[in-house]
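Read through the structure below, which is laid out as structure tokens, and then see the notes.
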Amino acid sequence: MRQHPDRPVLHLSDSYLVMVNSATLRVLAPGVSLIILAEAAAIAAWTFDAGPSGFAWMVAALVAGFSLSGSV
Amino acid sequence: MNSAWMLSSSVRRGSDISGFVVGLFLGSIATALGLVLAGSLIRAPLPPLVASSIVAGAALVLLLREFGVISFPLIQNARLVPQFVTGIPFWGPAQFGMEMGTGMRTYSPTGLPHIVALAIVFLASWPEALAAGAGFALARAVMVLSFAATREKAEADTAFYTDLPRLTQVFATLFVPPIVFLVVA
């Protein structure tokens with residue numbers, strides 16, 4: 001079934017109280033996907049003790065930087 | 001109003017986007033390297049365990065703030081980048097990007113950048129600071145590129161300005177694994 005553009009498609013917990021419509025999802029998807037991929041790669045690298053520690057710094061800054069995206 | 005919206009009048013021009021992104025990386029990397037320089041003096045007398053403990057303690061306090069357990073105002077500049085800079089081709093957006101990249105001329109709804117800055121001061125080597133600066137700039141670049149790519153500018157602005165700040169706790173959760181690694185490693 002096709003989702004109406006203005007209909008909330010994602011509900012997180014009550015504490016987050018977020019209703020993200022499809023437009024929001026589209027705009028935030030690249031950044032959030034990048035963070036999740038980087039985080040998964042970093043966790044894999046730590047698990048197998050591979051990769052430089054600089055990657056962990058990049059992931060931490062990536063999350064911090066994207067969390068600022070709503071402000072100037 | 002977010003930075004993407006401020007650039008919206010000129011952001012469709014490729015040179016303006018590239019200027020902004022170049023500025024982001026210059027500002028962010030210069031700030032990170034500056035923090036290491038300052039940190040090399042501050043941390044010099046400290047044993048590594050003390051430096052790690054300072055970062056861990058500060059991270060814990062700021063993360064508790066992100067989850068609403070405690071409340072206090074963040075140290076921040078809270079000054080907008082002047083809008084007139086966006087009217088100057090390439091170098092205007094580059095200057096705008098550079099100021100945004102420093103993360104020090106902005107309203108900060110989250111304390112995560114403060115944790116990264118503290119970690120750089122007390123723990124980072126030069127290459128690690130370079131990586132952190134690049135990561136911060138990349139994140140901010142993704143925001144403006146996402147905005148430029150969408151046709152619905154008003155909805156995109158709402159997404160960044162209204163919806164994204166509500167995801168504070170999601171970002172705080174995603175931030176925990178890397179900061180634990182940086183402190184423990």
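Within every chain, numbering begins at 1; the chains are lettered A, B, ... in the order of the sequence lines, protein sequences first and strands thereafter.
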Check each atom of A/Ala60 against the heavy atoms of chain B and say whether the ones under 4.5 Å are side chain, backbone, both or neither.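 Both parts, backbone and side chain.
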Which atoms of [X] approach chain A - backbone, side chain, both or neither, heavy atom under 4.5 Å:
{"X": "B/Leu123", "result": "both"}
{"X": "B/Ala117", "result": "neither"}
{"X": "B/Pro127", "result": "neither"}
{"X": "B/Ala124", "result": "both"}

B/Ala134 versus A/Met58, closest heavy-atom pair with distance: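 In this case the closest contact between B/Ala134 and A/Met58 is CB-CE, 4.1 Å.
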Quick one: does [X]'s side chain get under 4.5 Å of [Y]'s, heavy atoms only?
{"X": "B/Leu174", "Y": "A/Val59", "answer": "no"}
{"X": "A/Trp57", "Y": "B/Ile120", "answer": "yes"}
{"X": "A/Phe55", "Y": "B/Pro178", "answer": "no"}
{"X": "A/Leu68", "Y": "B/Phe136", "answer": "yes"}
{"X": "A/Ser67", "Y": "B/Phe175", "answer": "no"}

Options A/Pro30, A/Gly31, A/Ala38, ranked by heavy-atom pairs under 4.5 Å with chain B, top entry: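 Looking at each option in turn, the highest pair count goes to A/Pro30.
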Ranked by heavy-atom pairs below 4.5 Å to chain A, first place among B/Ala172, B/Ala137, B/Pro113, B/Ser146 goes to B/Pro113
Could you go through the side-chain contact (heavy atoms from CB on, under 4.5 Å) check for A/Val63 and B/Val116 one step at a time? CA-CA 10 Å; A/Val63 179; B/Val116 174; over 6 Å; no
B/Leu41 atom CG, neighbour heavy-atom count above 12 within 6.0 Å: yes
Is there a path of hydrophobic side-chain contacts, each under 4.5 Å between heavy atoms of I/L/V/M/F/W/Y residues, joining [Y] to [X]?
{"X": "B/Val22", "Y": "B/Leu130", "value": "no"}
{"X": "B/Met143", "Y": "A/Val32", "value": "yes"}
{"X": "B/Ile75", "Y": "B/Leu112", "value": "no"}
{"X": "A/Leu37", "Y": "A/Phe48", "value": "no"}
{"X": "B/Val184", "Y": "A/Trp46", "value": "yes"}

Nearest 0.5 Å, please: how far is CG in B/Leu138 from CZ in A/Phe66? 10.5 Å
Rounded at 0.5 Å granularity, tell me how far CD1 in A/Ile43 sits from CZ in B/Phe181.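 It is 11.5 Å, given to the nearest 0.5 Å.
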